[in-house]
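Just so it is clear, the model here is predicted, and its values are computed rather than measured.
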Amino acid sequence: MEQEAREIFDELKKDVSAYVELKLEYLKLSTYERTAKVISVLSYGLVLLFLAFLAVLFIFLALGFFLGDLFGSIGAGFGSVVILYILLIILIVTNRKKISDKVLNVVIASLTSNDDKSDETDNEQPGKTD
């Protein structure tokens, strides 16, 4: 009887340690996946931001030459473009909180996108029914 109890506890110990090892492995892989998602979202944002910067740069450059022809002075055309840039900078600075919240929400959404699926399976107990 004592030998059977020892075998049962040894088996239980093996099962618990295997479960803990698997849970730790799952946590590690989940962390890798989330880190990869964040890096992916941020690198996509940086590429998009760089391309948008180039597009805005060339649009304002073309606008400067166009306004220069319209005003009869290239300096006046580019001066008006500088005023537009300053207005754009003021607009971005005044909306700093909204912009940072939007970026933060995208990062958090990419981090927590898998949580709904894993929470449901973590809380289930086999053999118990409601």
Side-chain angles (χ1 to χ4, degrees):
M1 177 76 166
E2 187 178 310
Q3 186 65 21
E4 288 179 18
R6 181 176 294 282
E7 289 176 10
I8 290 172
F9 282 119
D10 285 342
E11 189 68 33
L12 183 62
K13 181 182 173 184
K14 286 180 190 176
D15 289 343
V16 168
S17 62
Y19 174 76
V20 168
E21 286 177 17
L22 289 174
K23 268 304 216 190
L24 287 174
E25 185 70 22
Y26 173 75
L27 180 64
K28 185 169 72 169
L29 291 174
S30 177
T31 303
Y32 290 157
E33 179 184 19
R34 289 178 183 195
T35 303
K37 281 184 179 181
V38 168
I39 290 172
S40 167
V41 166
L42 291 178
S43 62
Y44 172 75
L46 285 175
V47 167
L48 193 62
L49 187 66
F50 179 72
L51 292 175
F53 170 75
L54 286 177
V56 168
L57 178 71
F58 285 116
I59 287 171
F60 277 119
L61 191 63
L63 184 64
F65 281 118
F66 174 74
L67 291 176
D69 284 343
L70 191 65
F71 295 148
S73 169
I74 292 179
F78 279 102
S80 59
V81 169
V82 167
I83 292 172
L84 286 174
Y85 264 117
I86 291 172
L87 291 174
L88 186 64
I89 289 170
I90 290 171
L91 181 70
I92 290 172
V93 168
T94 56
N95 292 318
R96 175 182 60 231
K97 179 76 172 147
K98 289 180 184 178
I99 294 170
S100 65
D101 285 347
K102 179 69 174 172
V103 171
L104 185 63
N105 287 338
V106 167
V107 170
I108 289 174
S110 70
L111 279 173
T112 60
S113 65
N114 246 356
D115 281 353
D116 297 336
K117 185 172 51 174
S118 65
D119 285 345
E120 292 172 3
T121 57
D122 285 346
N123 295 330
E124 290 179 4
Q125 294 180 353
K128 290 194 174 184
T129 58
D130 292 326

Is there a continuous path of hydrophobic side-chain contacts, each under 4.5 Å between heavy atoms, that joins L57 to L67?
yes

When rounded to the nearest 0.5 angstrom, what is the spacing between CZ in F66 and CD1 in I59?
14.0 Å

For F60, check ring-ring contact (aromatic ring centres under 6.0 Å, His included) against everything at least two apart and list the hits.
Y85

Tell me which one of L88, I90, I83, L84 satisfies side-chain contact (heavy atoms from CB on, under 4.5 Å) with I86.
I90

Under 6.0 Å from the CZ atom of F71, do we count more than 12 heavy atoms belonging to anything else shown?
yes

Look at the side chain of S40 and the backbone N and O of A36, then say whether any donor-acceptor pair between them is shorter than 3.5 Å.
no

Contact check, side chains of F78 and L61, non-hydrogen atoms, under 4.5 Å:
yes

Smallest heavy-atom separation, S80 atom then G77 atom, equals OG-O, 2.6 Å

Taking all heavy atoms of V41 and all of V106, pick out the closest pair and write down the distance.
CG1-CG1, 3.4 Å

Between atom CG of L48 and atom OG of S43, what is the distance when rounded to the nearest 0.5 Å?
11.0 Å

Are V38 and I108 in one and the same hydrophobic cluster, where Ile, Leu, Val, Met, Phe, Trp and Tyr link if side-chain heavy atoms are under 4.5 Å apart?
no

Could you go through the salt bridge (charged side-chain N to carboxylate O under 4.0 Å, His left out) check for D101 and K97 one step at a time?
CA-CA 6 Å; D101 285 347; K97 179 76 172 147; 3.6 Å; yes

For L70, I'd like to know if atom CG has over 12 heavy atoms of other residues, nucleotides or ligands within 6.0 Å.
yes

Side chain to side chain, F65 and D69, heavy atoms closer than 4.5 Å
no

Just verifying a value: how many Å separate E33 CD and Y26 OH, rounded to the nearest 0.5 Å?
8.0 Å

Report yes or no: do V81 and I92 belong to one cluster of Ile/Leu/Val/Met/Phe/Trp/Tyr joined by side chain heavy-atom distances under 4.5 Å?
yes

How many angstroms lie between atom CG of L24 and atom CG of L29, to the nearest 0.5 angstrom?
11.0 Å

I89 versus V93: any side-chain heavy-atom pair under 4.5 Å?
yes

For the atom pair CG (N95) and CG (L91), what is the distance rounded to the nearest 0.5 Å?
5.0 Å

